Amino acid sequence: MPELPEVEVVRRGVGQWAMSRWINEVEVLHPRAIRRQEAELSSILLGRRFSCASRRGKYLWLPIEDSDHCLVVHLGMSGQLLMQPVEQADEPHLRVRFGFADGGPQLRFVDQRTFGFVMSDVLVAADHDGRIPASIQHIARDPLDPAFDDELFLGRLRSKDAEVKRLLLDQGLISGIGNIYADESLWRSRIRATRAGSSISAVKGRQLLADIRAVMTEALAQGGTSFDALYVNVNGESGYFSRSLNAYGREAEPCSRCGSPIRRSRFMNRSSFYCPRCQRT
DNA sequence: CATAGATCCTGTATGC
DNA sequence: TGCATACAGGATCTAT
């Protein structure tokens with residue numbers, strides 16, 4: 001599932017291959033993928049160029065040159081942004097095609113489970129620098145953002161009685177974390193997912209934040225190696241299986257720290273993996 | 001407001 | 001072999 005590191009790899013790929021090229025085609029193959037705004041999408045994009053690729057948490061956006069608009073992209077669970085040659089056959093779950101006047105590789109949005117989307121949006125002033133899409137103003141900065149406010153996050157985390165894992169998954173509190181990196185970060189910090197945010201000490205909270213950054217930075221470093229010129233290689237799944245996971249997906253396998261079998265439990269309609277010995281509370 | 005749970009979706013894996 | 005069910009989970013919505 002694409003989380004912050006995977007989305008960042010996509011951002012770099014799109015930023016390298018889809019910028020400053022005149023857009024002359026927007027073809028929508030599935031209305032759900034664009035939240036039913038086909039007319040807006042075409043009108044803001046045709047005859048224009050993307051100027052750069054930005055990201056906050058799991059959200060990507062591509063500002064449009066000489067415009068207040070942008071293309072917002074969320075990969076959901078199974079979304080992919082691919083750069084594909086024009087002659088390449090359509091993918092089975094191709095949802096939107098963006099073609100360029102230079103006849104070079106197309107930008108394609110492919111999504112099996114249709115939780116992802118691409119949509120047009122207006123850019124508005126952000127709290128500090130630059131502008132962000134209006135629809136993601138409620139998304140908190142992510143832990144790799146230089147402007148992320150550690151103390152603000154820790155204060156909010158420690159003021160809530162909700163379970164710490166749910167708080168990590170709350171994109172309004174800290175963005176970019178999904179089920180996999182939540183489990184991995186909690187494993188590193190030896191914190192049980194069900195613990196209340198208010199029970200986390202300031203010291204432990206800082207350690208958790210450091211572990212979140214460490215696991216994401218390591219994943220990003222590994223994701224970057226599989227990058228290919230014509231294929232923005234982030235389908236979220238293929239990359240991360242090659243990574244060194246300590247908890248996620250390792251039910252019944254020995255904890256790499258203490259040897260106890262990793263356990264799995266249901267939580268928030270999804271699986272949680274943890275070491276019952278290392279993560280006592 | 002805070003919190004907990006349901007819901008969207010479809011390909012793959014598993015059970016009988 | 002065939003059919004039914006479980007599972008994956010990001011974000012949003014609903015109910016309490």
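Because the structure is predicted, anything quoted here is derived from the model rather than measured. Lettering of chains follows the sequences in order, A, B, ..., and the numbering in each one begins at 1.
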K.L.:
Using the side chain to side chain donor-acceptor pair (under 3.5 Å) definition, which of the options A:Q112, A:Q84, A:R97 pairs with A:E91?
P.N.:
A:Q84
K.L.:
Could you tell me the separation between the CG atom of A:L167 and the C1' atom of C:dG10, rounded to a whole number of Å?
P.N.:
16 Å
K.L.:
A:R264 side chain N/O closer than 4.0 Å to the phosphate oxygens (OP1, OP2) of C:dA8?
P.N.:
yes
K.L.:
Nearest whole angstrom, please: distance from the P of B:dC9 to the CZ of A:R95.
P.N.:
11 Å
K.L.:
So, does A:Q171 get its side chain near the phosphate of C:dA11, meaning an N or O under 4.0 Å from OP1 or OP2?
P.N.:
yes
K.L.:
What is the distance, rounded to the nearest whole Å, between atom CG of A:L60 and atom P of C:dA11?
P.N.:
12 Å
K.L.:
Please tell me if A:R113 has a side-chain N or O lying less than 4.0 Å from either OP1 or OP2 of B:dC8.
P.N.:
no
K.L.:
Do the charged groups of A:D150 and A:R213 touch, with an N to O distance under 4.0 Å?
P.N.:
yes
K.L.:
Starting from P on C:dC13, measure out to CG on A:N269 and report it in whole angstrom.
P.N.:
17 Å
K.L.:
Just compare B:dT3, C:dT12, C:dG10 and give me whichever is closest to any side-chain atom of A:L169.
P.N.:
C:dG10
K.L.:
For the side chain of A:K160, counting heavy atoms from C-beta on, which of C:dG10, C:dC7, B:dA2 is nearest?
P.N.:
B:dA2
K.L.:
Whole angstroms only, please: what is the CD1-P distance between A:I180 and C:dC7?
P.N.:
18 Å
K.L.:
Is the distance from OP1 or OP2 of C:dT12 to the nearest side-chain N or O of A:H138 less than 4.0 Å?
P.N.:
yes
K.L.:
Compare the minimum distances between each of B:dC9, C:dA8, C:dT12 and the side chain of A:T114, then state the nucleotide with the smallest one.
P.N.:
B:dC9
K.L.:
Please state how far atom NE2 in A:H93 lies from atom P in B:dC9, giving the value in whole angstrom units.
P.N.:
15 Å
K.L.:
Take the protein atom CZ of A:F115 and the nucleotide atom P of C:dC7, then report the distance between them rounded to whole Å.
P.N.:
16 Å
K.L.:
Distance check: side-chain N/O of A:S271 vs OP1/OP2 of C:dA8, anything under 4.0 Å?
P.N.:
yes
K.L.:
Between A:R12 and A:E8, is there a side-chain N and carboxylate O pair less than 4.0 Å apart?
P.N.:
yes
K.L.:
Whole Å only: how far is the CZ atom of A:F117 from the P atom of C:dG10?
P.N.:
14 Å
K.L.:
Look at A:R49 together with A:D66 and state whether they make a salt bridge at an N to O cut-off of under 4.0 Å.
P.N.:
no
K.L.:
Between A:R270 and A:E163, which residue's closest nucleotide on DNA chain B lies nearer the 5′ terminus?
P.N.:
A:E163
K.L.:
Is A:Y248 near enough to C:dG9 that one of its side-chain N or O atoms lies under 4.0 angstrom from OP1 or OP2?
P.N.:
yes
K.L.:
Looking at A:D102 and A:R21, is there a salt bridge between them, counting it only when a charged N and a carboxylate O are closer than 4.0 Å?
P.N.:
yes
K.L.:
Can you tell me the base-pairing partner of B:dC1? Count Watson-Crick or G-U wobble geometry only, both distances below 3.5 Å, and say none if there is no partner.
P.N.:
none
